[in-house]
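Below you'll find the structure, written out as structure tokens, and then a few comments.
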Amino acid sequence: MRRQYPFHLIEPKWRHFWDAQKTFRAWNPGEAIPEAHPFAVRHGLNGKVDAKGLPPKFYILDMFPYPSGAGLHVGHPEGYTATDILARYRRARGCNVLHPMGWDAFGLPAEQYAIRTGQHPRKTTEENIAVFKRQIQSLGFSYDWSREIDTTDPHYFKWTQWIFLKLYNSWFNPATGKAEPIDSLPTPGEGANSPEALREYRDSRRLAYVTEAPVWWCEELGTVLANEEVIDGKSEVGGFPVVRRPMRQWMLRITAYADRLLQGLEQIDWSESLKEMQRNWIGRSEGAEVVFPLAEGGQAITVFTTRPDTLFGATYMVLSPEHKLVETITTEAQRAAVSAYKTEVARKSDLERTELSREKTGVFTGAYAVNPVNNEKIPIWIADYVLATYGTGAIMAVPAHDARDFEFARKFDLPMRLVVEAPGGQESIGFLGDGTSVNSDFLSGLPTPEAKKKIASWLEEKGKGRKTVNYKLRDWLFSRQRYWGEPFPILWRREEGGPPRHEALDESKLPLQPPALSDFKPTSTGEPPLARASEWVNLPDGSVRETNTMPQWAGSCWYYLRFTDTRNDARFCGSEAEAYWMGTGPGGAGVRPGVDLYVGGIEHAVLHLLYARFWHNVLFDLGYVSTSEPFYKLVNQGLILGEDGQKMSKSRGNVVNPDDILREYGADAFRLYEMFMGPLEMVKPWNTKGVEGVYRFLGRVWRLFVDEESETEFEQAQTASGQNDVNALGRIRLGASVRSTSPTRVQLKALHSCIKKVTEDLEGFRFNTAISALMIFVNEAITWETKPVAILRDFLILLQPFAPHLAEELHAKLRDPNATDGTIAYEQWPKYDTALLIEETAEMPVQVNGKLRDKIVVAAKATQAEIKASALAAEKIQAFIQGKTIKKVIVVPGRLVNIVV
RNA sequence: GCCGGAGUGGCGAAAUGGCAGACGCACAGGACUUAAAAUCCUGGGUUCGUAACAGAACGUGCGGGUUCGAGUCCCGCCUCCGGCACCA
């Protein structure tokens, strides 16, 4: 196909220009802005400017990529293009825009590649970054590359480790609802606390703590994983099986923030579905703990229930097979059966336990408990449908009003008692909703919500239970047995005779670099590979380094903060920079708290987005940041499918490589197509034919401006010299129809309706319809005999965010055919004038009984009565209303007329 | 099962309760060309109807409802996508 316009020369030319001129450099408060920089020129700034002197900030962030060996994928640039368009738009609107990019480069693939090839992950990572960077830069994004971040850079992870130490040295004070320095933790008091006991107490309250607990172990990956990284009993990365295994691990106390993370969602502008995913993951449920004394032996079992109002219906209890009391309470007669069941359950993977065992299983322990409300003796069973990890690991079973208990009771022939009547008054075993309590002594007759309140206060009065809240959220398993991650800034020291104790590495020793290793392979015992570096591990003073590393999420938990002040060596980011870019107060010039706009994939809904919010809340509590929520507005871009409508994958062979598209159609066409495909959030299939469509549009834009003859000369020169000469672009002249004349009313109307539509659509993230408005303008403008420069210039400003290279080139030509400097990037976004949009006459559809029958032309200023008269008089309408009584005539000015007969 | 989101031409899609299908792809016809490509112009929801116009009926997953008027609002279903899933 013949090239529509010389994008192969135009695009690199302008990218070099932007790079050399630092066009997209974002300026921090207090930074010296060169007088000649277009940002300074636009805003009349010179030299050092403080936060108050700078224009309003706008922080537009992409989820930074993991630079994989496969290179960029057409899905990556979708979000990046959307943010770039908005960044360019905000610049034109006069904002100081922060639009950065970086690399989330610690991670498994680089390490696995290292294991296979023996090449150091550092090397692979650097190579992959180079590929990603070249590809991303070839799209003409207006990133401030001076702020580039690499999470594996010691200058960066020094601060990741530093934040970890802040977590380590803090506790969550339930009284204030905030994280506070560990030094402020009151001692438990009461008697003589040995230093040993005090230390243990402190360690048990830290936000980063060590615990020995069953954790997800992935044999194939040779590491443990967080709950969030396990999907259907398989690892999120690679889909390998995982098993529960007790191991000593580092945890972060995210559960302390469950309520804060829930409440924070109310303050931010995220899609309802995404908020819902986070709410579900946190899984708050209100209920009560109820204490059931054992019939013998004086001990008691505490259960959690969301339906304490059904307490009278509890006819048996179930403990999870792993429950602490199982051994104690099991009777001799049942011991064999109980141990057999426990063994059977232990053998099953979690996958089998949940998916395969639809049919309930369980065993009677032989023991009985006493129902605290009616002193009834009820049997205690164990069953694997009760999870050890939720609530107290034990339940009261109310088979009449719980589907699972019902199924279990039917199978094992346990009694059921109806205690809730459905609203219809129908007695119904198996009714699960809210109704009226029955057969429940002092609760009988009460509607469910009131019964819940009454039983809760009854339990509290009698000391038999209390209202409580439970969460599905578990603490965050934070250590990994890998090489390619941030080492923990932690030492282990053994006092004489005592157990080894962890302590923080001194901040002055940061960054703690990983040791040099040649064997990165994981071990099957769970011993991290760092343990092989004995010189690194064992310090001269006898202390030993922690050998676990942090998970990949660590680096992405705070990178957006680093972007505000990337080169700061004294602090994770300067407080003035943080306040300006992240704040809303006097220091912060923005309107919204935190990052103004964050765009990325939905796959991080309960991983990165929850973890980062957690860290940010902690940093906020400790006074390091200005807002409690990091990301004000968040948009998830939809997945791009292959041309066959299937998810792109190597095995399907339907992967589209951006490099191929760029070579053939250029970056502007690529950008435009990705935005024209449909709404940003939707899942949509790729269609290379569609790229040709927008490419043709760009060709039409080109022909709107340039002189055909000069272009032919230019091409002949190119062919003759056999080279791609950028300077030859100077040969291309503007067309003769492009003149500095005053625009006609028709021309103004075309321009201003385009300005209106594009502006409104950009505010609402409707890129596809904004582009269609640009197309409509060009389709009309190309027919004009005279094209006024003033109109074309404004059009280019509208086009610039979408197709920046072409817009720059044509804009330069409008100024001066041989211009080699100046940028359109900071040109003022045009304003539309509504007065220019109004036509003198308007065509109005006329309906009879809601059906379109005719159209009339009326003056724009016509009154309702005039419109009505003219509608009734219309010839075709006459035929429909003849001989009928007109019941009503509805006139919607500017819209339509409907005649009801 | 529960919670989100979505169903509109051959395809991607558009429509503050007010002319359904803007814009684009693909397709068809025409102009230009020795020819092709590129470009430019024209056409198009379906059915009926006409020599051709005209015209009519139907049409936004299905069934109801509200309204002068429903793709849009309400009720009840179906299908697809995403998330959660023995969470007491």
Side-chain angles (χ1 to χ4, degrees), chain A residues 1-4 231-232 271-281 283-285 287 303-307 310 318 320 353-355 357-358 360 383-387 389-398 401-405 407-408 470-474 602-603 605-606 636 638-639 643 645 672-673 676-679 681-694 696-697 699-700 703 708 757 766 768-776 779 782-783 843-855 876 879 887-892 894-901:
Chain A
M1 190 159 79
R2 185 182 179 274
R3 197 176 280 131
Q4 292 269 354
I231 293 161
D232 294 334
S271 72
E272 201 42 47
S273 66
L274 183 57
K275 286 185 180 184
E276 209 46 37
M277 279 167 75
Q278 292 220 338
R279 283 190 200 110
N280 288 339
W281 191 261
R284 184 180 200 272
S285 59
V303 303
F304 173 73
T305 177
T306 53
R307 293 295 300 270
T310 62
V318 186
S320 70
R353 241 176 109 158
T354 53
E355 280 194 5
S357 66
R358 284 266 164 258
K360 296 266 181 295
D384 67 358
Y385 81 91
V386 174
L387 307 174
T389 48
Y390 183 75
T392 63
I395 62 156
M396 64 178 210
V398 183
H401 304 290
D402 181 280
R404 296 149 301 181
D405 298 345
E407 202 190 316
F408 190 80
N470 245 296
Y471 300 91
K472 284 201 265 183
L473 185 68
R474 302 269 71 94
I602 188 77
E603 65 275 15
V606 293
N636 290 119
L639 202 65
E643 298 215 54
L672 214 53
Y673 174 65
F676 190 60
M677 289 170 82
E681 279 124 309
M682 288 237 297
V683 177
K684 41 210 173 280
W686 180 269
N687 175 11
T688 300
K689 285 281 181 201
V691 186
E692 279 175 33
V694 294
R696 274 200 280 268
F697 162 67
R700 263 197 318 277
R703 291 191 294 276
E708 216 179 308
K757 181 80 177 138
R766 294 179 295 268
N768 54 335
T769 48
I771 293 167
S772 104
L774 294 170
M775 288 172 167
I776 291 168
N779 287 346
I782 209 151
T783 64
E843 194 189 58
M844 275 177 81
V846 182
Q847 298 181 333
V848 177
N849 287 338
K851 281 186 185 171
L852 178 70
R853 295 302 179 186
D854 200 4
K855 290 178 184 180
K876 285 179 192 162
K887 292 190 189 131
K888 208 177 189 180
V889 179
I890 292 129
V891 180
V892 187
R895 281 289 176 190
L896 55 48
V897 182
N898 189 12
I899 300 163
V900 186
V901 293

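Note: hydrogens, waters and symmetry copies are ignored here, and every other heavy atom, side chains too, is used. Because the structure is predicted, anything quoted here is derived from the model rather than measured. Residue numbers begin at 1 in each chain, while the letters A, B, ... track the order of the sequences.
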- Item | Secondary-structure string, 5' to 3', Watson-Crick or G-U under 3.5 Å, | for another-strand partners, for RNA chain B | (((((((..(((.....[....))).(((((.......))))).((((......))))..(((((..]....))))))))))))....
- Item | Comparing A:Glu272 and A:Asn470 on RNA chain B - which has the more 5′ nearest nucleotide | A:Glu272
- Task: Could you say whether A:Ile782 or A:Gly678 is positioned toward the 5' end of RNA chain B, judged by the nucleotide with the nearest heavy atom to each?
- Result: A:Gly678
Is there a side-chain polar atom (N or O) of [X] under 4.0 Å from OP1 or OP2 of [N]?
X: A:Gln278; N: B:C84; value: no
X: A:Arg703; N: B:A38; value: no
X: A:Lys684; N: B:G12; value: no

- Item | Cation-aromatic face contact A:Lys360/A:Phe408, 6.0 Å, 45 degrees | no
What's the [atom1]-[atom2] distance between [X] and [N], to the nearest Å?
X: A:Lys275; N: B:G5; atom1: NZ; atom2: P; value: 13 Å
X: A:Trp686; N: B:C25; atom1: CH2; atom2: C1'; value: 14 Å
X: A:Ile602; N: B:G5; atom1: CD1; atom2: P; value: 12 Å
X: A:Tyr390; N: B:C84; atom1: OH; atom2: P; value: 17 Å
X: A:Glu692; N: B:C25; atom1: CD; atom2: P; value: 9 Å
X: A:Trp281; N: B:G83; atom1: CH2; atom2: C1'; value: 10 Å
X: A:Gln4; N: B:A37; atom1: CD; atom2: C1'; value: 12 Å
X: A:Glu407; N: B:G1; atom1: CD; atom2: C1'; value: 12 Å

Interface polar pairs with nucleotides 46-49 of chain B, N/O, under 3.5 angstrom:
none

Considering only the [atom1] atoms, how many Å lie between [N] and [M], rounded to the nearest integer?
N: B:C73; M: B:U16; atom1: P; result: 11 Å
N: B:G17; M: B:G82; atom1: P; result: 30 Å
N: B:C11; M: B:A22; atom1: P; result: 15 Å
N: B:G49; M: B:C58; atom1: C1'; result: 14 Å
N: B:G71; M: B:A14; atom1: C1'; result: 11 Å
N: B:G7; M: B:U60; atom1: P; result: 14 Å
N: B:U50; M: B:A54; atom1: C1'; result: 8 Å
N: B:G45; M: B:C41; atom1: C1'; result: 23 Å

Rounded distance (nearest 0.5 Å) linking atom [atom1] of [X] with atom [atom2] of [Y]:
X: A:Asn849; Y: A:Ile899; atom1: CG; atom2: CD1; answer: 9.5 Å
X: A:Ile771; Y: A:Met677; atom1: CD1; atom2: CE; answer: 11.5 Å
X: A:Lys876; Y: A:Arg853; atom1: NZ; atom2: CZ; answer: 11.0 Å
X: A:Leu473; Y: A:Asn280; atom1: CG; atom2: CG; answer: 12.5 Å

Got a sec, which residues hit salt bridge (charged side-chain N to carboxylate O under 4.0 Å, His left out) with [X], two or more places apart in sequence or on another chain?
X: A:Arg279; result: A:Glu266, A:Glu272, A:Glu276
X: A:Lys275; result: none
X: A:Asp402; result: A:Arg404
X: A:Arg895; result: none

- Message: Between A:Phe676 and A:Met775, is the side-chain contact (heavy atoms from CB on, under 4.5 Å) condition met? List the steps.
- Response: CA-CA 11 Å; A:Phe676 190 60; A:Met775 288 172 167; 3.9 Å; yes
Taking only nitrogen or oxygen atoms into account, show me every contact under 3.5 Å that the protein makes with nucleotides 16-24 of chain B, one pair per line with its distance.
from, atom 1, to, atom 2, distance (Å)
B:U16, O4, A:Arg895, NE, 3.4
B:C19, O2, A:Lys855, NZ, 2.6
B:G24, OP1, A:Asn779, ND2, 3.0

- Going by modelled atom types, is there a donor-acceptor pair between the base of B:C86 and the side chain of A:Lys360 at under 3.5 Å?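 Donor-acceptor pair under 3.5 Å: yes.
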Results of side-chain contact (heavy atoms from CB on, under 4.5 Å) for [X] - residues two or more places apart only:
X: A:Ser285; value: A:Phe304, A:Thr306, A:Tyr390, A:Asn470
X: A:Met844; value: A:Ile856, A:Val858, A:Ile867, A:Val897
X: A:Lys888; value: A:Ile890, A:Val900

- Sugar-phosphate, base or nothing in reach of A:Ser285, heavy atoms under 4.0 Å: sugar-phosphate
- Query: Within the structure shown, what part of the strands sits under 4.0 Å from A:Met682 by heavy-atom distance: base, sugar-phosphate, or nothing?
  - Reply: sugar-phosphate
- Nearest-nucleotide pick for A:Met677, side chain only, options being B:U39, B:A88, B:G12: B:G12
- Specify the glycosidic conformation (syn or anti) of B:G9, with syn defined as within 90° of 0.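 This nucleotide is in syn.
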- Just wondering, do A:Ile782 and A:Arg700 contact through their side chains at under 4.5 Å, heavy atoms? yes
Distances for protein N or O near nucleotides 54-59 of chain B N or O, under 3.5 Å:
from, atom 1, to, atom 2, distance (Å)
B:G55, OP1, A:Lys876, NZ, 3.1
B:A57, OP2, A:Arg853, NH1, 3.4
B:C58, OP2, A:Lys851, NZ, 3.2

- Task: For A:Tyr673, enumerate each residue passing the ring pair (Phe, Tyr, Trp, His ring centres under 6.0 Å) test, keeping only those at least two apart in sequence or located in another chain.
- Result: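 Residues passing ring pair (Phe, Tyr, Trp, His ring centres under 6.0 Å) with A:Tyr673: A:Trp686.
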- Task: Verify side-chain contact (heavy atoms from CB on, under 4.5 Å) between A:Arg696 and A:Gln4, making sure each step is shown before the conclusion.
- Result: CA-CA 7 Å; A:Arg696 274 200 280 268; A:Gln4 292 269 354; 3.4 Å; yes
